[in-house]
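Chain naming here is simple, since letters A, B, ... match the order of the sequence lines and numbering starts at 1 in each.
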Number of protein chains: 2
Amino acid sequence: MGPAVEGRAVDKVAQRRSELAAAALETLAELGYARTGLRDIAARSEFSHGVLHYYFRDKVELITHCVREYKARCATRYDEAVATARTAEELVAGFLREQTATLTGEPQMHRLWYDLRNQSMFEPAFRADVAEIDLLLERMVWRVVSRYAELSGTRPRASSAAFYAVLDGLFQQALLRQLAGDPQAAPSLRAAVQEVLPQLVH
Amino acid sequence: MGPAVEGRAVDKVAQRRSELAAAALETLAELGYARTGLRDIAARSEFSHGVLHYYFRDKVELITHCVREYKARCATRYDEAVATARTAEELVAGFLREQTATLTGEPQMHRLWYDLRNQSMFEPAFRADVAEIDLLLERMVWRVVSRYAELSGTRPRASSAAFYAVLDGLFQQALLRQLAGDPQAAPSLRAAVQEVLPQLVH
DNA sequence: CCCGTCTCTGGACGACCGTCAAGACTTTCC
DNA sequence: GGAAAGTCTTGACGGTCGTCCAGAGACGGG
């Protein structure tokens with residue numbers, strides 16, 4: 001029979017799945033989707049490669065599960081800045097601080113996100129999850145933008161989707177430069193955001 | 001010895017390399033980097049897989065050569081619209097027409113570009129070429145934007161890099177939706193560009 | 001204590017990967 | 001026409017991939 005589908009053991013199984021998913025995320029972030037094998041993932045965990053098929057049907061289900069766990073962490077990154085800022089300038093400062101921190105602090109996690117989002121352009125199995133996360137991120141950006149407009153007594157001049165696409169484009173270019181070793185990546189991103197954002201909210 | 005490095009045969013070799021590079025591009029666009037093997041590429045050409053190592057040292061050189069040929073086609077896409085437009089509105093219309101046409105007409109080629117650009121985040125061997133193409137595209141966008149400003153008697157309100165990142169972000173989101181089968185992808189992109197651009201040039 | 005269930009290991013499978021080399025075929029030149 | 005150079009095919013190599021499975025070990029209830 002399969003893993004303990006009934007009884008209290010369910011959460012034990014869920015925990016193991018999380019554990020393996022974490023190892024998978026770590027591996028994917030380091031190697032990228034194209035170069036990550038199940039044995040690489042198992043090597044980052046404390047188990048052997050066979051166990052992956054005990055907790056996941058196949059590779060797609062494993063990666064899908066990874067992505068689902070990843071989303072939960074991402075989509076609240078700027079919420080504290082939104083909640084505590086008392087002026088528009090404070091909000092922008094908080095947003096930029098957080099954005100810069102993630103750019104320089106965990107660039108690998110972000111290149112993984114872009115990698116997986118790209119894979120969804122080729123692999124339909126990833127599309128639903130990717131679209132869901134993208135929507136979560138869009139809403140997160142929108143919370144920042146609409147609060148910014150509120151604090152500065154103005155209105156957003158573009159749709160939620162447009163704001164997300166714009167900021168994501170800026171971040172992606174910065175990430176490319178950051179990973180190429182350009183020390184100006186973070187400052188340039190800050191400058192670009194401060195340049196662009198106020199013009200789209202006035 | 002290797003292929004005819006001397007004499008007139010050089011262009012024959014270059015032509016063959018182009019032929020194989022075209023097959024490689026076609027394959028990569030269809031399958032994505034992660035799923036493309038040399039045998040898949042050879043199957044799209046009229047040759048067998050062994051010949052690839054006769055014209056290219058290894059897989060990296062082949063793909064690098066592909067990307068280099070790809071760039072030549074990309075970076076002049078909007079130049080005609082820039083040259084012929086007599087008003088700002090005409091220019092935007094021409095730009096949007098061209099952008100929509102490539103979004104719906106060759107989405108596979110574009111997902112390939114994003115795929116390869118993403119690979120450069122993991123694989124340093126691709127970084128130089130990707131950065132070079134990105135710069136070419138940035139300049140192409142800048143030609144459009146600065147001409148637009150000129151025609152409308154205004155000034156661009158952000159850097160060349162920022163404009164490129166913004167428009168690229170909008171296009172990438174549209175491409176994701178297009179490939180997911182969303183019929184609103186193209187209209188939404190047009191709307192977003194018309195919304196955002198004038199505010200960054202005024 | 002034994003037995004059934006859950007968990008995990010480690011090896012084996014067929015397929016596919018990039019690479020290479022031996023040789024067949026074609027072209028060129030003396 | 002024969003030799004040399006250029007071009008392409010074919011098959012093999014070591015390796016890695018996702019997947020599967022037989023069985024060892026751990027664990028808990030009778």
Side-chain angles (χ1 to χ4, degrees), chain A residues 1-24 27-28 30-66 115-116 119 122-123 125-126, chain B residues 1-24 27-28 30-66 115-116 119 122-123 125-126:
Chain A
M1 217 180 295
V5 207
E6 32 218 350
R8 299 287 136 69
V10 169
D11 39 6
K12 211 70 182 285
V13 168
Q15 184 185 339
R16 199 56 103 218
R17 282 167 67 98
S18 273
E19 212 172 327
L20 294 169
T27 313
L28 285 163
E30 186 175 339
L31 302 178
Y33 177 84
R35 299 162 203 75
T36 296
L38 296 183
R39 286 165 180 82
D40 300 311
I41 295 173
R44 257 87 174 177
S45 78
E46 48 176 348
F47 306 101
S48 74
H49 70 273
V51 84
L52 291 172
H53 277 274
Y54 184 74
Y55 289 102
F56 300 96
R57 196 186 321 112
D58 55 21
K59 194 188 183 185
V60 168
E61 201 201 80
L62 168 59
I63 294 187
T64 295
H65 193 264
C66 284
D115 196 9
L116 292 177
Q119 292 307 319
F122 295 92
E123 177 66 71
F126 293 154
Chain B
M1 218 182 291
V5 207
E6 30 216 352
R8 299 287 136 69
V10 169
D11 38 7
K12 210 70 183 284
V13 168
Q15 185 184 339
R16 194 62 84 200
R17 281 166 67 98
S18 273
E19 212 172 326
L20 294 169
T27 313
L28 285 163
E30 186 176 339
L31 302 178
Y33 176 85
R35 298 161 203 76
T36 295
L38 296 183
R39 286 164 181 83
D40 300 312
I41 295 173
R44 256 89 174 175
S45 77
E46 48 175 348
F47 306 102
S48 73
H49 70 273
V51 84
L52 290 171
H53 276 275
Y54 183 74
Y55 288 102
F56 300 96
R57 197 186 322 113
D58 56 19
K59 192 188 184 185
V60 168
E61 201 202 79
L62 167 59
I63 294 187
T64 294
H65 192 264
C66 285
D115 196 9
L116 292 177
Q119 292 307 319
F122 295 92
E123 177 68 69
F126 294 154

Q. Under 4.0 Å between a side-chain N or O of B/Tyr55 and OP1 or OP2 of D/dC8?
A. yes

Q | Distance test, side-chain N/O of B/Tyr54 to OP1/OP2 of D/dT7, below 4.0 Å | A | yes

Taking atom [atom2] of [N] as reference, at what distance in whole Å does atom [atom1] of [X] sit?
{"X": "A/Phe47", "N": "C/dG11", "atom1": "CZ", "atom2": "C1'", "value": "20 Å"}
{"X": "A/Arg16", "N": "D/dA26", "atom1": "CZ", "atom2": "C1'", "value": "12 Å"}
{"X": "A/Gln15", "N": "C/dT7", "atom1": "CD", "atom2": "P", "value": "12 Å"}
{"X": "B/Ile41", "N": "C/dT19", "atom1": "CD1", "atom2": "C1'", "value": "14 Å"}
{"X": "B/Lys12", "N": "C/dT26", "atom1": "NZ", "atom2": "P", "value": "15 Å"}

Below 4.5 Å, heavy atoms only, C-beta onward: do [X] and [Y] meet side chain to side chain?
{"X": "B/Asp11", "Y": "B/Gln15", "answer": "no"}
{"X": "B/Ile63", "Y": "B/Tyr33", "answer": "yes"}
{"X": "B/His53", "Y": "B/Leu38", "answer": "yes"}

Q | Protein proximity profile, nucleotides 10-25 of chain D - base contact B, sugar-phosphate-only contact S, no contact -, cut-off 4.0 Å on heavy atoms | A | BBB----BBB------

Q.
Please check: side-chain N/O of A/Asp58 versus main-chain N/O of A/Glu61, any donor-acceptor pairing under 3.5 Å?
A.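 Between the backbone of A/Glu61 and the side chain of A/Asp58 there is a qualifying donor-acceptor contact (under 3.5 Å).
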
Q: Using atom types as modelled and distance alone, determine if a side-chain donor or acceptor of B/Arg17 lies under 3.5 Å from a backbone N or O of B/Val13.
A: no

(Q) If you compare all heavy atoms of B/Ile41 against all heavy atoms of B/Thr27, which two are closest, and at what distance to 0.1 Å? (A) CA-OG1, 3.6 Å

